> 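Below is a structure I'd like to ask you about.
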Amino acid sequence: MENMTEREIVVGIDPVRDWHMALAWAADEAHRRALGLGLALAVPPQHDTQHADGSTHRIDLRRTGAETLEAAAAWTRSRHPDLEPSAHLLDGLPAPVLGRLSLKAPMLVLGSRHLSRTEEFLSAGSLVVPVVAQAHCPVVVVGDAEHVTQQSPYMVVAVDGSESSKAALAVAFEEASVRGCMLRAISVWHQPLLSFQDKNAGIQAQRRMLSETVAGWSEKYPDVALTHEVLAGHPVEELAKAAEHALALVLGRRGNGGYTGMRLGSVVHGLLHRAHCPVITVPLAQGI
């Protein structure tokens, strides 16, 4: 782990499930940015000491892990011949291991199985929620391939006026710039409980907040075509629909606004399950 560099995008490789989509996203991103690529595979400790073959089982796990990393590295080179990934077979539980790697990495990329919430909490192999909640760098969760057939490719960034959504804006503009695509900044007005606020007044206030939050970014990134929209409804559903054909959906977390909340937040959590494009979560005051 010590030889990981701050110039390597890190992708978690799962030795059991398909890793190709997450690796493709990470390799393409590293290629676009002229960054390195680190392939990380964690081998959990052997807790069952009652069986005599415990050490043999662990040796088998490490052998399988090494073979998977070798296959992933070869596949990366076939996709981008000028990209030489580094392979890291690490000891420990996957979520804490990847969380530590996020201290140095500019970006962490994971695959997703689109588990239901019940399956997720009952699954020992679920990584997405704990890693996203703890990571110190942006985390990309790739559940489906990018939509590359759209005539006008675009990304979506969720804006709620919080500091975390401002951090998400920084990442979203940078991503849109390196991809040469449009950026849709979207805010969702959701009728508060026990509130009699007029819908039109609420939407107008949301529009003012959105304009103020995105002000200045177009001057910094004149190559990015920006639109901003206020939608009415539940944030998870509205953002998922808006990003249905997007290259990615960018979200902030750990702020004071409605899209973040405690630790991960219900909206971020919901979109990790609901969105079909890659989801980029950005911790507060972090960028790439």
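The shown structure was predicted, so the numbers you read here are calculated from the model rather than taken from an experiment. Below, all heavy atoms of this structure are taken into account, side chains as well, without hydrogens, waters or symmetry copies.
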> So Arg79 and Asp28, do their side chains get closer than 4.5 Å, heavy atoms only?
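Sidechains of Arg79 and Asp28: in contact.
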
> How far apart are the closest heavy atoms of Cys137 and Ala105, and which atoms are they?
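Scanning both residues, the minimum pair turns out to be CB-O, 3.2 Å.
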
> Is the backbone of Arg208 close enough, under 3.5 Å, to the side chain of Ser211 for a donor and an acceptor to pair up by distance?
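Such a contact is absent between Ser211 side chain and Arg208 backbone.
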
> Give the intermediate values and the outcome of side chain to side chain contact (heavy atoms under 4.5 Å, CB included) for residues Trp19 and Thr68.
CA-CA 10 Å; Trp19 38 259; Thr68 303; 3.5 Å; yes

> Going by heavy atoms in the side chains, are Leu93 and Pro45 under 4.5 Å from each other?
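Yes. Closest side-chain heavy atoms under 4.5 Å.
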
> To the nearest 0.5 Å, what is the distance between CG on Leu239 and CG on Leu249?
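The distance works out to 6.0 Å.
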
> Side chains of Leu226 and Val214: does their closest heavy-atom pair fall under 4.5 Å?
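Sidechains of Val214 and Leu226: in contact.
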
> Test side chain to side chain contact (heavy atoms under 4.5 Å, CB included) on Thr213 and Asp160 and set out the steps.
CA-CA 9 Å; Thr213 305; Asp160 65 359; over 6 Å; no

> Are Ser152 and Met182 close enough that some pair of their side-chain heavy atoms sits under 4.5 Å apart?
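Yes, their side chains come closer than 4.5 Å.
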
> Should Glu29 and Arg179 be marked as a salt bridge (charged side-chain N to carboxylate O under 4.0 Å, His left out) after you check the CA-CA gap, both sets of side-chain angles, and the distance that decides it?
CA-CA 9 Å; Glu29 183 76 358; Arg179 293 161 182 270; 3.3 Å; yes

> Any salt bridge between Glu175 and Arg33, counting N to O under 4.0 Å?
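A salt bridge is present here (some side-chain N lies under 4.0 Å from a carboxylate O).
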
> Between Leu127 and Ala95, which heavy-atom pair has the shortest distance, and what is it?
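Here Leu127 and Ala95 meet closest at CD2-N, 3.4 Å.
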
> What's the separation between atom CD1 in Ile13 and atom CG in Leu89, rounded to the nearest 0.5 Å?
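Output value for this atom pair is 12.0 Å.
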
> With side chains defined as the heavy atoms from C-beta onward, is the minimum distance between Leu37 and Leu23 less than 4.5 Å?
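Answer yes - side chains close enough.
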
> Looking at Pro85, is its backbone amide N or carbonyl O close enough to the side chain of Thr76 to form a donor-acceptor pair, meaning the two atoms are under 3.5 Å apart?
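No: the side chain of Thr76 does not pair with the backbone of Pro85.
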
> Taking all non-hydrogen atoms of both residues, which atom of Pro94 and which atom of Ala42 are closest, and how far apart?
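Answer, listing the atom of Pro94 first, then Ala42: CA-CB, 3.7 Å.
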
> Ignoring hydrogens and angles, state whether a donor on the side chain of Glu8 or Ser86 is under 3.5 Å from an acceptor on the partner side chain.
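On atom types as modelled, these side chains qualify, holding a pair under 3.5 Å.
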
> Ion pair present between Asp82 and Arg77, side-chain N to carboxylate O less than 4.0 angstrom?
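Salt bridge flag = no for Arg77 with Asp82.
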
> Can you measure from CZ (Arg32) to CD1 (Ile9) and round to the nearest 0.5 angstrom?
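Reported value, rounded in 0.5 Å steps: 8.5 Å.
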
> Which heavy atom of Ala246 sits nearest to which heavy atom of Met155, and what is that distance?
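Here Ala246 and Met155 meet closest at CB-CA, 4.4 Å.
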
> Any chance you could lay out the side chain to side chain contact (heavy atoms under 4.5 Å, CB included) test for Tyr154 and Cys181, step after step, and finish with the verdict?
CA-CA 5 Å; Tyr154 68 96; Cys181 71; 5.5 Å; no

> Within this structure, what is the CE-OG distance for the pair Met209 and Ser162, rounded to the nearest 0.5 Å?
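Result: 9.0 Å between the selected atoms.
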
> Within a strict 4.5 Å, meaning less than it, do heavy atoms of the Val141 and Ile280 side chains meet?
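Side chain of Val141 against side chain of Ile280, heavy atoms only: no contact under 4.5 Å found.
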
> Quick check: closest heavy atoms across Pro81 and Ser78, and the distance to 0.1 Å?
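That would be CD-O, 4.4 Å.
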
> Just how far is it from atom CD of Gln206 to atom NZ of Lys199, taken to the nearest 0.5 Å?
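Answer for the CD-NZ pair, Gln206 versus Lys199, is 12.5 Å.
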
> Determine whether Val140 and Trp25 satisfy the following criterion, side chain to side chain contact (heavy atoms under 4.5 Å, CB included), listing intermediate values before the conclusion.
CA-CA 9 Å; Val140 186; Trp25 200 100; 3.7 Å; yes

> Any salt bridge between Arg207 and Glu229, counting N to O under 4.0 Å?
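Salt bridge: no.
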
> Find out whether Val282 and Arg253 are in side-chain contact, i.e. whether some heavy atom of one side chain is under 4.5 Å from a heavy atom of the other.
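SC-SC contact between Val282 and Arg253 ruled out.
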
> Parallel, tilted or perpendicular: which one describes the rings of His20 and Trp75, with boundaries at 30° and 60°?
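If you compare the ring of His20 with that of Trp75, the planes turn out perpendicular.
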
> Looking only at heavy atoms, what is the nearest atom pair of Val188 and Gly233, with distance?
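The pair with the smallest heavy-atom distance is CG1-O, 3.3 Å.
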
> Should the pair Lys241-Glu244 be classified as a salt bridge under the 4.0 Å nitrogen-to-oxygen rule?
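Not counted as a salt bridge, because no side-chain N and carboxylate O are separated by less than 4.0 Å.
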
> Could you give the distance from CG (Leu183) to CG (Leu169), rounded to the nearest 0.5 Å?
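Answer for the CG-CG pair, Leu183 versus Leu169, is 7.5 Å.
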
> Kindly say whether Val132 contributes a backbone atom to a donor-acceptor pair with the side chain of Thr281 at under 3.5 angstrom?
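No, because the side chain of Thr281 does not come within donor-acceptor range (under 3.5 Å) of the backbone of Val132.
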
> Does the pair Glu237/Arg274 count as a salt bridge with the N-to-O cut at 4.0 Å?
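Result for this pair is yes, salt bridge flagged.
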
> Just so I know, are the side chains of Arg17 and Asp14 near enough to count as touching, which here means a heavy-atom distance under 4.5 Å?
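They are in contact (side-chain heavy atoms under 4.5 Å apart), so the answer is yes.
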
